[in-house]
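Attaching a single structure in structure tokens format; questions to follow.
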Amino acid sequence: MDFPILNTTAYGHPLVYLDNAATTQKPRQVIDTLTNYYLTLNSNIHRGAHYLAEQATEQYEAVRPQVCQFVNARQSCEIVFTRGTTESINLVASSFGQRFLGQGDEVIVSGMEHHSNIVPWQLACERAGASLRVIPFSDEGVLDLEAYRQLFTPHTRIVACNHVSNTLGTVNPVKQITEIAHLHGVPVLIDGAQAVAHMAVDVQEIGCDFYCFSGHKMYAPMGVGVMYGREEILNQLPPYQGGGEMIKTVTFERTTYNELPFRFEAGTPSVGDVLGLGAAIDFMQQQGIENIGKHEEELLEYATQRLSAIPGIRIYGTAPHKVGVISFLLGGAHPYDVGTLLDKLGIAVRTGHHCTQPIMDRYGIPGTVRASFACYTRTSDIDALADALVRIAPMLL
């Protein structure tokens with residue numbers, strides 16, 4: 001594996017990169033794909049009749065069935081390219097809300113959602129006169145499925161839940177969550193941003209109606225993401241944005257819309273980044289997604305043991321089924337202070353509320369320090385973090 005950026009030094013120390021839940025670093029084959037596109041292929045796609053446009057279009061559209069296979073969608077037309085998870089969820093909340101949400105209706109979300117799976121639904125509810133209902137979770141970070149069952153009413157229109165919590169690391173039982181919703185005839189959106197880099201995802205096995213994720217959290221470039229949607233429901237939704245590519249015909253009197261998936265892909269896409277997404281999928285499949293997950297599980301177990309042994313450490317999120325994320329506090333020290341001192345020792349972690357302020361309110365804390373792992377993380381990185389925490393603890397406690 002070749003990740004050039006990992007050879008960086010920070011403040012005279014070898015870089016220890018433990019901020020993978022925010023964004024993963026990119027392997028050389030992804031970087032080379034981007035470089036090659038801009039050196040040899042750069043062109044707008046779909047509408048050009050010249051060589052570069054044809055070649056760029058062919059390579060761009062070859063990624064769509066690749067993503068389809070990656071998440072086991074039924075057909076490529078169910079794969080919509082976006083700028084990332086946030087835009088994917090906003091697309092669904094806007095279009096679904098316009099079509100299906102009305103006065104007095106309800107949207108169910110979980111209490112451990114990223115703001116990107118809360119705020120778009122709040123906006124949709126405000127426009128429609130609808131409201132949010134929230135699935136509670138335990139101190140360990142496990143959703144209360146019995147409480148979830150009780151949230152459904154005749155006014156429930158959609159459920160939106162993450163596959164994996166970016167703060168707690170909890171792997172939620174999304175198949176069961178979907179099955180419960182479908183018993184009530186309610187569709188389900190899954191935020192898969194924190195799942196696709198760590199485990200095989202099968203949208204047909206889950207049974208969800210929408211599944212959203214970002215490229216940059218799975219070794220691909222920033223600026224590209226995916227919204228999977230079942231064809232039957234996508235065909236019922238109005239376009240999210242207007243412009244080029246999403247139309248069939250335009251007159252000043254009337255516009256007719258393109259077929260799936262192009263109806264939801266207005267404007268010039270980030271072609272190079274989509275090609276980079278394809279290269280990232282190739283990379284993950286070459287490594288073996290199951291191998292990546294197993295490696296990270298071992299790291300999580302090792303890191304939990306090492307950090308738990310440090311006096312003053314409190315770990316938040318102890319669900320039995322987690323990915324490689326550890327959120328913690330060191331005594332009464334503010335997470336920003338801990339993160340700043342770690343940074344000066346070359347250790348990159350995330351500090352703050354991680355765009356999950358309701359989780360922090362649930363625990364009554366301002367934020368946490370978060371260490372998160374990837375395929376290139378090693379036990380030596382965990383040792384460096386643990387040793388640094390022991391070193392800085394006397395300065396903070």
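For reference, positions follow the sequence shown, starting with 1.
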Just checking, K26 and Y219: is the charged tip under 6.0 Å from the six-membered ring centre and within 45° of the axis?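 Verdict for Y219: no cation-pi partner in K26.
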Keeping T57 on the side-chain end and H46 on the backbone end, is there a donor-acceptor pair under 3.5 Å?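 Indeed, once roles are kept as given, a pair shorter than 3.5 Å links the two residues.
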Show, in sequence, the C-alpha distance, side-chain angles and deciding distance for K175 and C208, and conclude whether the side-chain contact (heavy atoms from CB on, under 4.5 Å) test is met. CA-CA 8 Å; K175 181 178 180 180; C208 58; over 6 Å; no
Less than 4.5 Å apart, side chain to side chain, heavy atoms only: is that true for I281 and M284? no
Is V369 reachable from M395 through a run of hydrophobic residues whose side-chain heavy atoms are each under 4.5 Å from the next?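 Yes, same cluster.
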Walk me through it: do H114 and T356 pass the test side chain to side chain donor-acceptor pair (under 3.5 Å)? CA-CA 5 Å; H114 189 282; T356 56; over 6 Å; no
Do the side chains of V338 and L389 get nearer than 4.5 Å, heavy atoms only? yes
Run through N258, T255, T256 and flag the one making a side chain to side chain donor-acceptor pair (under 3.5 Å) with T249.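 Only match with T249 under side chain to side chain donor-acceptor pair (under 3.5 Å): T256.
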Can a side-chain donor-acceptor contact be found between T153 and H155 if the only test is distance below 3.5 angstrom? no
Hphob cluster co-occupancy, L237 + V203, side-chain heavy atoms under 4.5 angstrom: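 No.
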Distance from H184 atom NE2 to L151 atom CG, nearest 0.5 Å?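 Going from the NE2 atom of H184 to the CG atom of L151 covers 10.0 Å.
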Could you tell me whether the side chain of T23 and the main chain of H216 form a donor-acceptor pair under 3.5 Å? yes
Parallel, tilted or perpendicular: rings of H163 and Y211 (30°, 60°): perpendicular
Taking atom types as modelled, is there a side-chain donor on N162 or N172 under 3.5 Å from an acceptor on the other?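 There is such a pair between these side chains.
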Under a 4.5 Å cut-off applied to non-hydrogen side-chain atoms, are L345 and Y11 in contact? no
Parallel, tilted or perpendicular: which one describes the rings of F283 and F3, with boundaries at 30° and 60°?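 The rings of F283 and F3 stand perpendicular, inter-plane angle above 60°.
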What's the separation between atom CG in L132 and atom CD in E126, rounded to the nearest 0.5 Å?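 Answer rounded to 0.5 Å: 9.0 Å.
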Is it true that Q285 and Q69 share a donor-acceptor pair across their side chains at a distance under 3.5 Å?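 Yes - a donor-acceptor pair under 3.5 Å links their side chains.
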Point-to-point distance, once rounded to the nearest 0.5 Å, from OG1 of T156 to CG of D105: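 Between atom OG1 of T156 and atom CG of D105 there are 8.5 Å.
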In the structure I gave you, are the side-chain heavy atoms of L330 and I313 within less than 4.5 Å of one another anywhere? yes
Do the charged groups of E106 and R157 touch, with an N to O distance under 4.0 Å?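 So E106 does not pair with R157 through a salt bridge.
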Got a salt bridge between R263 and E259, using NZ or NE/NH1/NH2 to carboxylate O under 4.0 Å?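 Not counted as a salt bridge, because no side-chain N and carboxylate O are separated by less than 4.0 Å.
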Spell out, as yes or no, whether a donor-acceptor pair under 3.5 Å connects the side chain of R74 to the backbone of R230. no
Smallest separation among heavy atoms of E78 and E232, with atom names: OE2-OE1, 4.3 Å
Polar contact flag, side-chain donor to acceptor under 3.5 angstrom, S327-T167: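 T167 and S327 do not have a side-chain donor-acceptor pair below 3.5 Å.
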Please check this pair: side chain of T8 against backbone of I5, looking for a donor-acceptor N/O pair closer than 3.5 Å. yes
So which heavy atom on L277 is nearest to which on G215, and how close? CD1-CA, 4.1 Å
pair V171-M199: side-chain heavy atoms closer than 4.5 Å: yes
Give me the atom names and distance for the closest heavy-atom approach of G141 to A319.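 Between these two residues, the closest heavy atoms are O-CB, 3.9 Å.
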Taking atom types as modelled and ignoring hydrogens, do the side chains of H354 and T368 form a donor-acceptor contact shorter than 3.5 angstrom?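 Yes, because at least one side-chain N or O of H354 sits under 3.5 Å from a partner of the opposite role on T368.
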Within this structure, what is the CG-CD1 distance for the pair D202 and I206, rounded to the nearest 0.5 Å?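 Spacing of CG (D202) from CD1 (I206) equals 7.0 Å.
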R314 CZ: over 12 foreign heavy atoms closer than 6.0 Å: yes
Side-chain (N291) to main-chain (Q287) donor-acceptor, under 3.5 angstrom: yes
Close side-chain approach of D381 and L18, heavy atoms under 4.5 Å: yes
Do L329 and P335 make a side-chain contact, defined as non-hydrogen atoms from C-beta onward lying under 4.5 Å apart? yes
If two hydrophobic side chains count as joined below 4.5 Å and joins carry through other members, does Y148 share a cluster with V109? no
salt_bridge(E245, R47) N-O dist < 4.0 Å: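 The answer is yes: the pair qualifies as a salt bridge.
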Just one of L168, D144, V142 clears the side chain to side chain contact (heavy atoms under 4.5 Å, CB included) bar with F137, so which one? L168
Test: ring-ring contact (aromatic ring centres under 6.0 Å, His included). Region: residues 77-106. Which pairs qualify, not counting sequence neighbours?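 Non-adjacent pairs meeting ring-ring contact (aromatic ring centres under 6.0 Å, His included): Y60-F81, F96-F100.
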With side chains defined as the heavy atoms from C-beta onward, is the minimum distance between F152 and V159 less than 4.5 Å?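 Side chain of F152 against side chain of V159, heavy atoms only: contact under 4.5 Å found.
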Can D2 and Q29 be counted as having a side-chain donor-acceptor contact under 3.5 angstrom?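 The criterion, which ignores hydrogens and geometry beyond distance, is not satisfied for Q29 and D2.
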At what distance, to the nearest 0.5 angstrom, does CG of L260 lie from CD1 of I79? 11.5 Å
Working for salt bridge (Lys or Arg N to Asp or Glu O under 4.0 Å), residues K294 and E290: CA-CA 6 Å; K294 185 175 185 298; E290 293 79 8; over 6 Å; no
Do I177 and V196 sit in one hydrophobic cluster, given that two such residues count as connected whenever their side-chain heavy atoms are within less than 4.5 Å of each other, even indirectly?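 Same hydrophobic cluster.
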So does R64 pair up with E265, basic N to acidic O under 4.0 Å? yes
Search all heavy atoms of P120 against all heavy atoms of A93 and return the closest pair with its distance. O-CB, 3.7 Å
Are I315 and Y302 in one and the same hydrophobic cluster, where Ile, Leu, Val, Met, Phe, Trp and Tyr link if side-chain heavy atoms are under 4.5 Å apart? yes
Check: K322 side chain, V325 main-chain N or O, donor-acceptor pair, under 3.5 Å: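 Yes.
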Lys/Arg-Asp/Glu bridge criterion (N-O < 4.0 Å) met for R149, E146: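 So R149 pairs with E146 through a salt bridge.
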When you compare the side chains of N20 and S372, does any donor N or O come within less than 3.5 Å of an acceptor on the partner? no
I310 versus A386, closest heavy-atom pair with distance: CD1-O, 3.7 Å
Check: T40 side chain, N36 main-chain N or O, donor-acceptor pair, under 3.5 Å: yes
Can you check whether T85's main-chain N or O pairs, donor with acceptor, with S214's side chain at less than 3.5 Å?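 Yes, S214 side chain to T85 backbone: donor-acceptor pair under 3.5 Å.
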Between OG1 on residue T33 and OH on residue Y38, distance to nearest 0.5 Å: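 Here the rounded value is 12.5 Å.
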Side chains of S165 and T170: is there a donor and an acceptor less than 3.5 Å apart?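 No, no side-chain donor-acceptor contact under 3.5 Å.
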Please name the pair of heavy atoms, one in K217 and one in A21, separated by the smallest distance, quoted to 0.1 Å.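 Looks like NZ-O, 2.8 Å.
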Indicate whether any N or O donor in one side chain lies under 3.5 Å from an N or O acceptor in the other, for Y316 and R362. no
Is a side-chain donor or acceptor of H198 paired with a backbone partner of G324 at a separation under 3.5 angstrom?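 Such a contact is absent between H198 side chain and G324 backbone.
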For E113, is there any backbone N or O sitting under 3.5 Å from a side-chain donor or acceptor partner on N117?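 Checked: no pair found.
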Does a salt bridge link D383 with R378, judged by any charged N lying under 4.0 Å from a carboxylate O?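 Answer for the salt bridge query: no.
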Look at R83 together with D273 and state whether they make a salt bridge at an N to O cut-off of under 4.0 Å.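 Salt bridge absent between R83 and D273.
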